Number of protein chains: 2
Amino acid sequence: MTDSPGGKRGGKRERLVAGAAELVHRKGVAATSLADIAQASGVPVGNVYYYFKTKDDLLRAVIEAQVDQVEALLTGLADLPGPAERLKALVGQWERMRDVVARYGCPFGTLAADLDRRDDGLDVEAAGPIRRILDWAEDQLRALGAQDARELATTLFAGIQGGALLAGALRDPEVMSTQVRHLRQWIDTLARSRGRTSPNG
Amino acid sequence: MTDSPGGKRGGKRERLVAGAAELVHRKGVAATSLADIAQASGVPVGNVYYYFKTKDDLLRAVIEAQVDQVEALLTGLADLPGPAERLKALVGQWERMRDVVARYGCPFGTLAADLDRRDDGLDVEAAGPIRRILDWAEDQLRALGAQDARELATTLFAGIQGGALLAGALRDPEVMSTQVRHLRQWIDTLARSRGRTSPNG
DNA sequence: GTCTATAAGCCGATAGAC
DNA sequence: GTCTATCGGCTTATAGAC
């Protein structure tokens, strides 16, 4: 942030990415203009193109920031003693975000949903954060003794994303909390009786 | 639909609503222009405003069409012998739509997610189809003997919507199918042991 | 590196001929 | 009722002064 002369940037690139991430989350990709982002980031409109060649380039940077964010989250979870604790701490993240989620949805889910209607590469990239969480959850569930870890990870994360979508549509943070509580109980059940294949039964 | 002279309409209104529904599903609300809709519906651009005063008015008609669609679906399910059969037939709908869902998401979920970022009335209206399905599922689960029918309905539909979102993000119809299979098993478990409160355990 | 000014095109919405 | 032509505004992106 504090740059010496000759290479000074003033963190404008970072501010643009952060501003884009927030606006894209709140208004959606198509409804967010570069002018909006520039203004929210305190950067002149035309100057955006010095840091990002196109709007898609800026979106790519937002996705990369999300991937870093997920990576940092999962790294922090690694300290916890067991896979069940780690999985419950993961879903706890959406409990902590419940008010934002109930208003604008899950940042990862909404961005992926926004961009997966495309056909260029950006749709695949936008699924990165989700894919990373699924892979990690699969590892934890396997460590927990689950046979069909991938399917269980999908069901777990589908519960989170579906809960986030319904909480947003109904404008009710309680929906997210209820869903998180159910998923925590399910993880406990799974931890107690290892090797069970049915995620819901 | 078949009009006599003096009041002839040629079904243009219906074609506009159908075209708007399809394009809004595939490209999203903000990315779909009235010109796109008019062209897809075989109606001149300026003529759209004879049938709908604004773009939001047309969106409102799309939502109403979705509500009718949900109502027809649920009415068809009423013939089935028991609540468990009806619930399993409901989730079976997303299995049948799996290819579309894996490409463009669930029509109800994506439209609700698109519009719930707003603050005008349209965000609440867009949640109508989802709310209707939740209410119906709650009734079925209560008939099945569940104590916390509303929470179970939320968990069930969250599983569907989350599965649809993940299937879309990962571009994998199998994700939707796997999720539907899990939910069917869960309904069976629930039907066998009535009164259990935990949806996953 | 930073910023203003503006190009070129698409948007929702309107006016008015037929 | 139907359609063409078009307005004003906003969009992404660029040119070029400083």
Side-chain angles (χ1 to χ4, degrees), chain A residues 1-21 23-24 26-63 114-115 117-122, chain B residues 1-21 23-24 26-63 111 114-115 117-122 126:
Chain A
M1 306 307 177
T2 54
D3 291 284
S4 49
K8 74 155 41 194
R9 288 228 313 272
K12 287 194 181 179
R13 207 194 115 101
E14 290 79 358
R15 266 153 53 204
L16 281 169
V17 174
L23 283 175
V24 154
R26 275 172 24 200
K27 308 208 306 169
V29 171
T32 300
S33 73
L34 289 176
D36 291 337
I37 297 170
Q39 190 176 19
S41 311
V43 173
V45 215
N47 201 358
V48 174
Y49 290 91
Y50 174 75
Y51 298 98
F52 303 97
K53 210 171 61 181
T54 63
K55 185 184 181 180
D56 282 7
D57 256 38
L58 177 49
L59 290 174
R60 226 180 307 272
V62 170
I63 296 169
D114 263 19
L115 292 179
R117 301 192 245 227
R118 295 204 186 185
D119 248 358
D120 47 16
L122 216 54
Chain B
M1 305 308 172
T2 54
D3 293 284
S4 48
K8 76 153 41 194
R9 288 229 314 272
K12 287 193 181 179
R13 207 194 115 100
E14 290 77 359
R15 266 153 52 204
L16 281 170
V17 174
L23 284 175
V24 154
R26 275 172 25 199
K27 308 208 305 169
V29 171
T32 299
S33 73
L34 289 176
D36 290 337
I37 297 170
Q39 190 177 18
S41 311
V43 174
V45 214
N47 201 358
V48 174
Y49 289 91
Y50 174 73
Y51 298 99
F52 302 97
K53 210 171 64 179
T54 62
K55 185 183 180 180
D56 282 6
D57 256 38
L58 178 48
L59 290 174
R60 226 181 307 273
V62 169
I63 296 169
L111 186 59
D114 264 18
L115 292 180
R117 299 193 245 227
R118 296 203 186 186
D119 247 358
D120 48 16
L122 215 54

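We name chains A, B, ... by the order of the sequence lines, and we start the count at 1 in each one. Computed from a predicted structure; not experimentally measured.
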Q: Let me see the working for A:Asp56 and A:Arg118 under salt bridge (Lys or Arg N to Asp or Glu O under 4.0 Å), right down to the final yes or no.
A: CA-CA 12 Å; A:Asp56 282 7; A:Arg118 295 204 186 185; 2.9 Å; yes
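- Residues B:Ile37 and B:Val48 form no side-chain contact, since every pair of their non-hydrogen atoms from C-beta on lies 4.5 Å or further apart.
- A close approach under 4.0 Å does not occur between any side-chain nitrogen or oxygen of A:Ser33 and OP1 or OP2 of D:dC10.
- Computed from coordinates, the B:Ile37 CD1 to C:dG12 P distance equals 8 Å when rounded to whole Å.
- A:Arg15 places its CZ atom 10 Å from the P atom of C:dT2, with the value rounded to the nearest Å.
- You'll find the side chain of A:Val17 stays beyond 4.5 Å of the side chain of A:Tyr51, heavy atoms only.
- Looking only at side-chain heavy atoms (C-beta outward), A:Leu122 and A:Ile63 come within less than 4.5 Å of each other.
- Here the closest heavy-atom approach between residue A:Asp36 and residue A:Lys27 is recorded as OD2-NZ, 2.9 Å.
- Comparing atom distances between the A:Tyr51 side chain and each of C:dG12, C:dT2, D:dT11 picks out C:dT2 as nearest.
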Q: Scan nucleotides 13-18 of chain C nucleotide by nucleotide, 5' to 3', and note B when protein non-hydrogen atoms come under 4.0 Å of the base, S if they reach only the sugar-phosphate, - if neither.
A: BB----
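- Taking atom OH on A:Tyr50 and atom C1' on D:dT12, their separation rounds to 20 Å, with Å as the unit.
- We find that CG of B:Leu16 is positioned 14 Å from C1' of D:dC3, with the value rounded to whole Å.
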